[in-house]
Enquirer: 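If you scroll down you'll find the structure; I have some questions about it.
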Amino acid sequence: MTNTAPAPSDFRGHDFPALRNDRLLRAARHEPVDHVPVWLMRQAGRYLPEFRAVRAKHDFFTVCRTPELACEVTLQPLRRFNAAGAPLDASIIFSDILVIPQALGMEVQMVKGKGPHFPEPLDRPSDLDSLRRPDVREALRYVYDALTLTRHEIGGAVPLFGFTGAPWTLMAYMIEGGGSKNYAKAKAWLYADSDASHRLLQLLTDVIVDYLIAQVGAGAQALQVFDSHAGTLTPAAFGTFGYPYLAQIAQRVKAKVPSVPLFVFARGAHYGLDALAATEYDVISLDETVMPVAARAIVAGRAAVQGNLDNAALFAAPETIHALTEQMLSGFRNADGSLTGLIANLGHGMLPNHEPDHAIAYVRAVHDLSKAE
Ligand code: 1CP
């Protein structure tokens, strides 16, 4: 059990610029807003030529570990969308979910055209003994430094997200050694070695809790937990190996930093919506397979929701994007017709072959179509 999280007070004394756009924070609390806030998962990244220019000169994890570079690529989408007259309502720190396995002592490489690669993934339960229990405050200090610098540089224009991978999603990468078609090796652990699986999930949960709290101390104004591979689990396996750890994270993080909105994205786990709405997450992020009307009905005001335009819809012409956005927003309307408690996003992240202008068209459509009358 790691217990190295700094009290948030350890970081007090930052003198950050006042926040000028708090739509996202207000929407997370179900307060009225002048239009629905919108940001995009993976809004920094390979679809932006200015990001590719930075990556041409620097290795992926060098960008993550160098606060000035992480700050620069975090700001790139803000600048581009501002210049187009369709400003984003949030930023997300440039980093990756796989910095946690690295902090536990595993090597992770980013292979061009392939994605993350672990040369020595976990192969059997005894391999858990080789994992280091990190002092999260030291091992991931570069992320906090990047957050602090970026929060200053944003100048209060929009809130800054910190984030983490969820325990199951991280476990899946640590065993598979990278992306995978069916996650068969990682799922085999759940069924054949459930004790070892719970030990690993609990270790990851402890590290994640410390990490999220420390990110707030460093300047994060909202937090998102990415369970990108939740949908590989059966409802029963999610109930045993996914949901309890997600709930534990929410309970422990909200106990320490109650005012910071906490988002959860359990991609593909539509069956988990009702259970997640009963936890302390403030916002439930929906993938594109969930019907907005159904999500609002299941969540029933217990949390705000985020989502969920199909990222592939950004390949459509801007007029079509506008129409699909209108359709999506109408599904999210509350019984009184309002759109309170909604943050617009995609059902999953931006893709490398997306056109920046089509993402801009989406942001503009959300703003125009949701303006309070
Ligand atoms: O060469 C490159 O530049 C690699 C592309 C890339 C980028 C831009 C990777 C590799 N990670 C990132 C940044 C990143 N990753 C961000 C910050 C950018 C932003 O949102 O603006 C975030 C939030 C993540 C989170 C992340 N990494 C997730 C969760 C979100 C999701 O998309 O589901 C996951 C699953 C990862 C793992 C990962 N890192 C990179 C890739 C290509 C992948 C997916 C690999 C796979 O399973 O196929």
Side-chain angles (χ1 to χ4, degrees), residues 38-65 69-81 88 90-102 108-118 121 143 146-147 150 154 158 160-183 186 208 212 215 220 222-232 263-269 285-288 306-308 311 345-354 356 359:
V38 53
W39 66 283
L40 307 170
M41 289 190 270
R42 302 259 185 136
Q43 63 192 27
R46 290 169 294 177
Y47 76 105
L48 293 176
E50 55 269 38
F51 174 81
R52 291 198 296 267
V54 171
R55 282 283 285 112
K57 287 193 249 153
H58 306 278
D59 163 75
F60 179 80
F61 286 112
T62 303
V63 180
C64 295
R65 289 192 190 116
L69 292 174
C71 174
E72 166 60 21
V73 295
T74 303
L75 297 180
Q76 284 177 344
L78 299 187
R79 287 193 204 114
R80 182 183 275 262
F81 285 65
L88 292 157
S91 57
I92 180 161
I93 193 65
F94 189 83
S95 182
D96 199 82
I97 62 169
L98 300 174
V99 299
I100 287 187
Q102 288 177 329
V108 187
Q109 303 159 349
M110 202 53 79
V111 180
K112 202 173 161 55
K114 191 168 163 245
H117 172 67
F118 292 63
V143 180
L147 280 162
T150 306
I154 290 173
V158 289
L160 174 62
F161 269 92
F163 70 90
T164 181
W168 159 247
T169 288
L170 293 179
M171 172 177 167
Y173 279 113
M174 289 162 75
I175 294 171
E176 299 288 340
S180 157
K181 270 216 177 73
N182 53 16
Y183 293 85
I208 287 165
L212 289 174
Q215 289 188 62
L223 296 168
Q224 180 155 314
V225 179
F226 285 95
D227 206 353
S228 302
H229 301 317
T232 60
F263 291 54
V264 63
F265 177 50
R267 178 168 175 249
S285 195
L286 308 166
D287 68 64
E288 69 281 2
Q306 173 173 272
N308 74 340
N311 60 2
N345 205 315
L346 301 172
H348 198 195
M350 292 294 296
L351 299 171
N353 53 344
H354 275 142

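Whatever order the structure lists ligands and atoms in, that order sets their numbers, starting from 1. Worth saying up front: this structure is predicted, and the values here are computed from it rather than measured.
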Enquirer: Specify the closest pair of heavy atoms between Phe118 and Gly178, including all atoms of both residues, with the distance to one decimal.
Expert: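 Heavy atoms only, the tightest pair is CD1-N, 4.1 Å.
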
Enquirer: Using the rule given for side chain to side chain contact (heavy atoms under 4.5 Å, CB included), can you reason through Val54 versus Gln76, listing the C-alpha separation, both sets of side-chain angles and the distance that settles it, and then say yes or no?
Expert: CA-CA 11 Å; Val54 171; Gln76 284 177 344; 3.6 Å; yes

Enquirer: For atom 39 (N) of ligand 1, what is the closest protein heavy atom, and at what distance to 0.1 Å?
Expert: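 The closest heavy atom on the protein side is Asp96 OD1, 2.8 Å.
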
Enquirer: Do Thr169 and ligand 1 have an N or O pair less than 3.5 Å apart?
Expert: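 There is no such contact.
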
Enquirer: Can you tell me the protein heavy atom closest to atom 24 (C) of ligand 1 and the distance?
Expert: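 Result for atom 24 (C) of ligand 1: Arg42 NE, 3.8 Å.
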
Enquirer: Should you measure from each heavy atom of Phe60, which atoms of ligand 1 turn up under 4.0 Å away?
Expert: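 Within the 4.0 Å cut-off of Phe60, ligand 1 contributes 2 (C), 3 (O), 4 (C), 6 (C), 7 (C), 9 (C), 11 (N), 12 (C).
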
Enquirer: Taking 4.0 angstrom as the limit and counting only heavy atoms of Ala44, give me the atoms of ligand 1 inside it, by number and element.
Expert: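 Once the distances to Ala44 are compared, the set is 18 (C), 19 (C), 21 (O).
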
Enquirer: So which heavy atom in the protein is nearest atom 32 (O) of ligand 1, and how far is it from that ligand atom?
Expert: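 Closest protein heavy atom to atom 32 (O) of ligand 1: His348 NE2, 3.1 Å.
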
Enquirer: If you take all heavy atoms of Asp287 and Gly268, which pair is closest and at what distance?
Expert: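 Residues Asp287 and Gly268, closest heavy atoms: OD2-N, 2.7 Å.
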
Enquirer: Any Lys/Arg nitrogen of Glu176 or Lys181 sitting under 4.0 Å from an Asp/Glu carboxylate oxygen of the other?
Expert: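 Looking at Lys181 together with Glu176, the answer is no, because their closest N to O distance does not fall below 4.0 Å.
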
Enquirer: What's the verdict on side chain to side chain contact (heavy atoms under 4.5 Å, CB included) for Asp227 and Trp168, showing C-alpha distance, side-chain angles and the deciding distance?
Expert: CA-CA 7 Å; Asp227 206 353; Trp168 159 247; 3.8 Å; yes

Enquirer: At a non-hydrogen distance cut-off of under 4.0 Å, which region of Arg267 contacts ligand 1 (side chain, backbone, both, or neither)?
Expert: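 None of Arg267 does.
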
Enquirer: Look only at interatomic distance and state if Phe163 has a nitrogen or oxygen under 3.5 Å from any nitrogen or oxygen of ligand 1.
Expert: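 Min N/O separation from ligand 1 is not below 3.5 Å for Phe163.
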
Enquirer: In terms of atom number and element, which parts of ligand 1 are under 4.0 angstrom from non-hydrogen atoms of Ile92?
Expert: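 Per the distance check, 19 (C), 20 (O), 21 (O), 23 (C).
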
Enquirer: Looking only at protein heavy atoms, which one is nearest to atom 47 (O) of ligand 1, and what is the separation?
Expert: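 Ranking protein heavy atoms by distance from atom 47 (O) of ligand 1, first comes Tyr173 OH, 2.3 Å.
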
Enquirer: Quick one: look up the protein heavy atom nearest atom 10 (C) of ligand 1 and list residue, atom name and how far away it is.
Expert: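 For atom 10 (C) of ligand 1, the nearest protein heavy atom comes out as Met110 CE, 3.3 Å.
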
Enquirer: If you take all heavy atoms of Ala220 and Leu147, which pair is closest and at what distance?
Expert: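 Heavy atoms only, the tightest pair is CB-CD2, 4.2 Å.
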
Enquirer: Any idea which heavy atoms bring Phe265 and Ser285 closest together, and the distance?
Expert: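 Taking Phe265 first and Ser285 second, the nearest heavy atoms are CD1-O, 3.6 Å.
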
Enquirer: Given side chains that start at C-beta, do those of His229 and Tyr173 come closer than 4.5 Å, heavy atoms only?
Expert: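 Yes; the side chains approach each other to less than 4.5 Å.
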
Enquirer: If you define the side chain from C-beta out and look only at heavy atoms, does anything of His354 sit under 4.5 Å from Asn311?
Expert: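 Side-chain contact under 4.5 Å: yes.
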
Enquirer: Against heavy atoms of Ser228, which atoms of ligand 1 measure under 4.0 Å?
Expert: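 The list of qualifying atoms is 29 (C), 30 (C), 31 (C), 33 (O), 35 (C).
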
Enquirer: Show me which atoms of ligand 1 lie under 4.0 Å from any heavy atom of Phe51.
Expert: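 In order of numbering, the contacting atoms are 3 (O), 8 (C).
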
Enquirer: Could you tell me whether ligand 1 has any atom less than 4.0 Å away from a heavy atom of Ser95?
Expert: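 Yes, that is the case, since the closest heavy atom of the residue is under 4.0 Å from the ligand.
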
Enquirer: Could you report the tightest heavy-atom contact between Val158 and Leu88, atom names first, then the distance?
Expert: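 Distance-wise, the nearest heavy atoms are CG1-O, 3.3 Å.
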
Enquirer: Distance under 4.0 Å to a non-hydrogen atom of Gly179: what atoms of ligand 1 satisfy this?
Expert: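 Near Gly179, the atoms of ligand 1 are 47 (O).
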
Enquirer: Before you tell me yes or no, could you show the steps for Leu40 and Phe81 under side chain to side chain contact (heavy atoms under 4.5 Å, CB included), namely the whole-Å CA-CA distance, both residues' side-chain angles and the distance that decides it to 0.1 Å?
Expert: CA-CA 11 Å; Leu40 307 170; Phe81 285 65; 4.0 Å; yes

Enquirer: Would you kindly specify which portion of Lys112 sits under 4.0 Å from ligand 1, judged on non-hydrogen atoms: side chain, backbone, both or neither?
Expert: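 Neither part.
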
Enquirer: With only distance considered, is Arg46 within less than 3.5 Å of ligand 1 through an N or O on each side?
Expert: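 Not met; the criterion fails.
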
